[in-house]
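Order of the sequence lines fixes the chain letters, A, B, ..., with proteins taken first and strands second; residue numbering starts at 1 for each chain. Computed from heavy atoms alone, side chains included, the values below leave out hydrogens, waters and symmetry copies.
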There are 2 protein chains.
Amino acid sequence: MVTIYDIAKLAGCSPATVSKAFNNYSSVKESTYKKVMEVSESLGYTPNTNARALTTKKTWLIGVLFSEDTGAGITHPHFSEILQNFKMRSSEYGYDVLFVSKQIGNKEASYLEHCKYRGLEGVLLAMDRNHVDEVQNVISSGIKCVSVEDIYPDVPTVIADYRMGTLQALEYLYLLGHRKIAHIACPLTSVAGRERYGAYLEFLNSKGLEVNPKYIIETDVFSHEEGSKAAVKLLQQCWDDLPTAIFIAYDDIAFSAMSTIQSQGFRIPEDISVVGFDNLKLSCYMSPALTTVHQDRATIGRMAADRLIQLIENKPTEDALDVRIPTKLIVRNSCARA
Amino acid sequence: MVTIYDIAKLAGCSPATVSKAFNNYSSVKESTYKKVMEVSESLGYTPNTNARALTTKKTWLIGVLFSEDTGAGITHPHFSEILQNFKMRSSEYGYDVLFVSKQIGNKEASYLEHCKYRGLEGVLLAMDRNHVDEVQNVISSGIKCVSVEDIYPDVPTVIADYRMGTLQALEYLYLLGHRKIAHIACPLTSVAGRERYGAYLEFLNSKGLEVNPKYIIETDVFSHEEGSKAAVKLLQQCWDDLPTAIFIAYDDIAFSAMSTIQSQGFRIPEDISVVGFDNLKLSCYMSPALTTVHQDRATIGRMAADRLIQLIENKPTEDALDVRIPTKLIVRNSCARA
DNA sequence: CTGAAAGCGCTAACAC
DNA sequence: GTGTTAGCGCTTTCAG
């Protein structure tokens, strides 16, 4: 391994000067800077982060904390896109991204221990409620955090404006004349589930529509399978007074719900209109193409990185603690006039 | 920050002993071991990787190299699932997973420089051909590598058996009586594209079927949009002699191709049968549900981790350089008798 | 079984 | 402008 000592020797200067050259100290003379760079180039020198971090206490390392349950986490198209953008933005600032784990060597460890072990300067939180306590420990430890999935007290949050999106979807259905609008909610343990459900109730209220409990189905997990189950249940429990439209809180669930509804002999949108939420890539290839609420995951990922790094570097910000990214209704073919 | 010195003082022993305790040296007396653990527990001690790595030269760090072009990389459902499993398996062995980037602090760097900078012990390769030279540099540097996407000389590879999968798909169509089988290939710059296309030709040959160039469409990128374009082109160029079945080398492309074919007035499977490849989660929610070739991404991810860590730890292996994971045909509703 | 001491590669005062 | 020196937190001989 090439070190600054090797370079110092060949460049005819001290290790300290080499270090300074690499850290762009203005005091280093132009000519010695060049000499140093020349030599290190020829030796194929790369600085060693571990040594650097040991003295500076700066690791340039950010952790990401994702659920690892099947179907969740980075496997989920929503999060993978956020992660991708988060990673790219972090890199631009010079920070590297590491998966937080529960393992140190061959020992089980807590998330917090792992974060400390690696000297993570900040952590992106994208965990479900299944591990709140552990996550709360990380937050309480003082490590800088930003969340893109759940809401924790005092932790900056970058999430799509779920209320806005829900209202956009429902307003659209309302304009098409729908008054009997059902709702298939995603798990109410999630912010997405709660806020979309809350906005649904708010909307009905604001329009003076009655809240029919039979029109509301709550799913247990974020998964395709749930959609079929929910659709079956919905149709069953209001067979005598079917809704004319369904607002489904999550595209992935909408896909399977649609397919189930169709297999029960209903036409979409002629018999029942459907609006989803998320605008997953495939929603346009459903038949009919799904009308849904788009959320801007690229912006979420990038902005989460911006905020986290602001925090890490103690930069002032004017952003609110809870930042909401505007949504947009994407109209396709899954809705018709009532 | 709590260090071994703090612990040594309180536990009434030397820092060296603390270190030994934490590294499970058998020479440490049971009672002092307990004392050390007790104290470090109460102080909330966590060892510091940077210091550790500096002396041991072992970072317990593995890099993952993914394409960052839109639609590729971890955003791609295929890779995100591989990555998820790779990460989980690596953690079990005590290795942490870091994204390789092209940035060191605020300086642009090569992948190799970044790997050296972070002291990565191994790298998972999942890059497209757009950056072969850079990837080749990493490989040549001696850093241990395993590929799940492309094939590089002397680099262990864990990929699904694309030939097997293709043959399964085509054999099935053949049994249904299809003789005019078209092929929409994914980019031939990829192993997936080449091998599936190659197996397609091999199959036609083996059955004594004529290769009709009009029945073959090559797409340029892995994306939904390509599917529509390819479908339009295919239908156009063999309007007077349509195929009765299409083998589409990639589900994502199949989704949009199907939707385009249907919008042109053809029924699937009555007029045209379709088989895809990959068994993406959503293939069962297409209408009709897509018959496709399943590849076992969980196994690929896990096995890639196993192999990489074997390499890192110089463990002997009996695995071939190029490991192929068996595929399975998943029969749904997109094919009918010819 | 335990401890002293050297050193991993680098940075940061402080002298010069 | 440049060099000397100490030290970051840990592991690892080697004595004892």
Original post:
Honestly, is B:Arg129 close enough over B:Tyr152, meaning NZ or CZ under 6.0 Å from the six-membered ring centre and within 45° of the axis?
Top reply: yes
Original post:
Side chain of B:Lys20: nearest nucleotide among D:dT11, C:dG9, D:dC14?
Top reply: D:dC14
Original post:
Among the nucleotides C:dT2, D:dG9, D:dT11, which one has an atom lying closest to any side-chain atom of B:Thr32?
Top reply: C:dT2
**OP:** Specify the separation, in whole Å, of atom OH of B:Tyr117 and atom P of C:dG9.
**Re:** 16 Å
Original post:
Which of these nucleotides, D:dG3, C:dG3, D:dC10, is closest to any side-chain atom of B:Thr3?
Top reply: D:dC10
**OP:** Looking only at side-chain atoms of A:Leu54, point me to the closest of D:dC8, C:dC10, D:dC10.
**Re:** D:dC8
Subject >> Between C1' of D:dC10 and CG of B:Asn48, the distance in whole Å >> reply: 8 Å
Original post:
So, is A:Lys57 near the phosphate of D:dG9, with a side-chain N or O under 4.0 Å from OP1 or OP2?
Top reply: yes
**OP:** For A:Thr56, answer base if it contacts any base atom (sugar-phosphate contacts may also be present), sugar-phosphate if it contacts only those atoms, and nothing otherwise; contact means non-hydrogen atoms under 4.0 Å.
**Re:** sugar-phosphate
**OP:** For A:Asp322 and A:Thr157, run side chain to side chain donor-acceptor pair (under 3.5 Å): C-alpha distance rounded to whole Å, both residues' side-chain angles, the deciding distance at 0.1 Å, then the answer.
**Re:** CA-CA 5 Å; A:Asp322 186 11; A:Thr157 275; 4.6 Å; no
Original post:
Under 3.5 Å, is there an N or O donor on one side and an acceptor on the other linking the side chain of B:Tyr5 and the base of D:dC8?
Top reply: no
Original post:
Parallel, tilted or perpendicular: which fits the ring planes of A:Trp60 and A:Tyr95, with parallel below 30° and perpendicular above 60°?
Top reply: tilted
Original post:
Which nucleotide in the list D:dG9, C:dC1, D:dT11 gets nearest to the side chain of B:Lys29?
Top reply: C:dC1
Subject >> Below 4.0 Å: OP1/OP2 of C:dA12 and any side-chain N or O of A:Thr55 >> reply: no
Original post:
OP1 or OP2 of D:dT12 sitting under 4.0 Å from any side-chain N/O of B:Tyr25?
Top reply: yes
**OP:** From the options C:dG3, C:dT11, C:dT2, select the nucleotide whose nearest atom is closest to the side chain of B:Ala16.
**Re:** C:dG3
Subject >> SB check A:Lys58 A:Glu121 (cutoff 4.0 Å) >> reply: yes
Original post:
How long is the gap from NE2 on A:His131 to CG on A:Asp150, to the nearest 0.5 Å?
Top reply: 12.0 Å
**OP:** Mind running side chain to side chain donor-acceptor pair (under 3.5 Å) on A:Thr317 and A:Gln310 for me, showing each step along the way?
**Re:** CA-CA 7 Å; A:Thr317 177; A:Gln310 278 168 8; 3.2 Å; yes
**OP:** Starting from C1' on D:dT2, measure out to CG on A:Asn23 and report it in whole angstrom.
**Re:** 15 Å
Original post:
NZ of B:Lys9 versus C1' of D:dG9: gap in Å, rounded?
Top reply: 14 Å
**OP:** Could you tell me whether B:Val28 contacts a base, only the sugar-phosphate backbone, or nothing, with contacts defined as non-hydrogen atoms closer than 4.0 Å?
**Re:** sugar-phosphate
Subject >> Per A:Ser19 side chain, nearest of listed nucleotides D:dT2, D:dG3, C:dT11 >> reply: C:dT11
Subject >> Interatomic distance where CD1 belongs to A:Ile7 and P belongs to C:dT11 [whole Å] >> reply: 11 Å
**OP:** Could you check how far CZ of A:Arg52 sits from C1' of C:dC8, rounded to whole Å?
**Re:** 16 Å
**OP:** Report yes if a donor N or O on one partner sits less than 3.5 Å from an acceptor N or O on the other, where the partners are the side chain of B:Tyr33 and the base of C:dC1; otherwise report no.
**Re:** no
**OP:** Rounded off to whole Å, could you give me the NZ-to-C1' distance for the B:Lys58 and D:dG9 pair?
**Re:** 19 Å
Original post:
Given atom CG of A:Asn50 and atom P of C:dC10, what is their separation to the nearest angstrom?
Top reply: 10 Å
